[in-house]
Protein chains: 2
Amino acid sequence: MKVKEVADLVGISVRTLHHYDEIGLLRPETTEAGYRMYSERDLETLQQILFFKELGFSLKEIQKILEDPAFDRKEALELQRKMLVEKRSHVDHMITTIDKTIKQMLGEIEMTNKEKFEGMNFDHNPYEEEARRRWGDEKVDESNNKIKGMSKEDKKKLSEEWDGIYTRLAKLRHGSPDSAEAQEAIHEWYEFLNHFGQYSYEAFRGLGQMYVDDERFTKNIDNYGEGLAIFMRDAMAVYAD
Amino acid sequence: MKVKEVADLVGISVRTLHHYDEIGLLRPETTEAGYRMYSERDLETLQQILFFKELGFSLKEIQKILEDPAFDRKEALELQRKMLVEKRSHVDHMITTIDKTIKQMLGEIEMTNKEKFEGMNFDHNPYEEEARRRWGDEKVDESNNKIKGMSKEDKKKLSEEWDGIYTRLAKLRHGSPDSAEAQEAIHEWYEFLNHFGQYSYEAFRGLGQMYVDDERFTKNIDNYGEGLAIFMRDAMAVYAD
DNA sequence: CATTGACCCTCACGTTGCGTTATATCCTAT
DNA sequence: ATAGGATATAACGCAACGTGAGGGTCAATG
């Protein structure tokens with residue numbers, strides 16, 4: 001398929017396809033005349049690109065993800081689905097804010113200024129974090145905008161807090177994931193994470209699962225104590241219920 | 001409230017607030033020292049701005065809307081709500097596409113290339129059209145990207161088609177809105193509109209209501225025949241059922 | 001009163017992701 | 001051969017800020 005056909009099929013511009021080729025994001029084969037010829041495989045890649053793009057990833061980030069050796073299309077689709085579900089609930093949240101605002105205008109309710117802007121800030125989708133961890137930067141503190149702006153001292157404090165929570169959980173790992181102590185520590189972990197993103201309980205549960213599914217995380221977490229990743233997954237699941 | 005307080009409350013940057021001031025979109029009072037002081041009214045305006053922005057309007061467009069003498073905050077909130085509901089169903093559509101894609105990968109279903117990109121193209125929200133009509137340009141052909149690229153001849157053809165449908169409906173207006181003839185003509189109107197936007201039946205119904213609610217549209221439509229706006233609203237509602 | 005740290009200002013260059021226009025070549029039907 | 005549609009590259013421009021520089025203001029504290 002040539003550019004116009006793809007552009008019309010997909011609903012993007014020829015210029016966009018050129019641009020993606022130029023930056024190496026989606027490089028089709030070319031004919032002898034220099035025409036771009038897109039394959040079925042290219043269309044699949046394009047679908048991935050457009051899903052990630054819709055979810056707010058920059059083209060650079062998308063490229064990084066697609067080039068990661070660990071990238072798996074089915075996994076990506078499943079993650080993208082989760083992100084879209086989250087996005088949908090975010091839209092719901094905005095609708096709720098509008099409903100409340102209208103009621104406030106009619107004098108039916110009171111509303112704080114803070115409430116008027118709820119749902120407005122979607123700069124951190126928890127599954128975006130997951131995508132970055134899975135296929136991008138492993139170090140959360142390097143990929144998080146809020147952390148980037150922090151002073152060294154604040155970063156140190158943050159690191160210690162993180163460390164403290166993990167250490168505490170490591171001590172509790174031989175016990176039951178639904179014990180009061182464990183749940184208290186997990187609560188703190190949830191609060192900690194919510195400084196940087198808006199985690200729904202579902203997303204929190206999913207993150208715990210990822211600690212176990214993804215070897216890189218299991219390995220890092222289990223540095224605090226053998227089996228901690230599994231323990232955290234279970235405790236997080238209890239917490240999310 | 002000064003800039004940082006507003007920025008923190010709302011979740012945007014100080015730079016953004018500066019920018020909005022510079023372009024005249026949101027101009028707060030200033031102190032003698034030159035500091036920006038935001039009022040409650042400014043926060044309400046900011047909420048509007050951010051809702052429209054979330055819905056894909058450019059800052060220029062938003063400015064135009066907010067400056068329109070006919071702008072009404074409650075109306076805006078209600079319209080924004082409708083747009084968010086539409087956006088949500090668009091997200092749903094994308095989720096459906098992902099589900100299908102996964103099934104196709106597993107060999108459970110077949111899928112055309114076209115189907116793989118369904119939901120991907122959200123470049124024309126029907127309620128966006130409504131906002132533009134209500135507070136922006138009244139002439140649809142001047143605000144619609146697809147029409148902009150057309151030749152004079154094509155525009156003329158379009159205008160005649162539009163005219164023809166309206167004239168036909170005017171002849172039918174003394175009859176019943178649910179008659180076969182009326183419904184056939186409304187179907188053509190629906191198809192006509194769908195050349196330029198993706199109208200759900202709900203959006204189509206809402207548009208008909210707007211013909212009656214908004215005096216400017218009633219007036220224009222009733223030039224074709226007294227009472228046509230009401231007739232069209234009713235016929236469009238029947239069609240949407 | 002002086003100092004300090006947080007916050008404020010303006011200015012201006014840079015970034016991202018294309019849209020748009022110009023110019024030239026390729027392809028296919030007539 | 002011609003014409004019209006499609007393709008290519010090149011390159012300027014734009015929207016909406018992000019970022020850094022340099023300087024002023026404010027309020028608490030010593």
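Residue numbering restarts at 1 for every chain, and letters A, B, ... go by the order of the sequence lines. All values below were derived from every heavy atom in this structure, side-chain atoms included, with hydrogens, water molecules and symmetry-related copies excluded.
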Distance below 4.0 Å between B:Ser13 side-chain N/O and D:dG18 OP1 or OP2
yes
Salt bridge (charged side-chain N to carboxylate O under 4.0 Å, His left out), that's the test. Do B:Lys4 and B:Asp8 meet it? Break it down for me.
CA-CA 6 Å; B:Lys4 188 171 192 294; B:Asp8 287 346; 3.0 Å; yes
May I ask you to verify if any side-chain N or O of A:Thr16 is less than 4.0 angstrom from the OP1 or OP2 atom of C:dG19?
yes
Rounded interatomic separation in angstrom, taking CE from A:Met1 and C1' from D:dA6:
15 Å
Inspect the surroundings of CD in A:Glu22 and state if more than 12 heavy atoms from other residues, nucleotides or ligands are less than 6.0 Å away.
yes
So, with a heavy-atom separation below 4.0 Å from DNA chain D, the residues of residues 17-29 of chain B are B:His19, B:Tyr20
Of the listed nucleotides (C:dC9, D:dC17, D:dA6), which one gets closest to any side-chain atom of B:Arg15?
D:dC17
Classify A:Val3 by what it touches in the nucleic acid, base, sugar-phosphate, or nothing, heavy-atom distance under 4.0 Å.
sugar-phosphate
For B:Val14 and B:Lys60, find the nucleotide of DNA chain D closest to each by heavy atoms; which residue's nucleotide sits nearer the 5' end?
B:Lys60
Go through the structure and list residues passing salt bridge (Lys or Arg N to Asp or Glu O under 4.0 Å) with A:Arg205, not counting sequence neighbours.
A:Glu202, A:Asp241
Residues within residues 31-44 of chain B bordering DNA chain D, heavy-atom distance below 4.0 Å
B:Ala33, B:Tyr35
Hey, mind stepping through A:Glu61 and A:Lys64 against salt bridge (charged side-chain N to carboxylate O under 4.0 Å, His left out) and telling me if it holds?
CA-CA 5 Å; A:Glu61 286 172 325; A:Lys64 202 167 178 182; over 6 Å; no
Just the rounded figure in Å: distance from P of D:dA16 to CG of B:Leu50.
13 Å
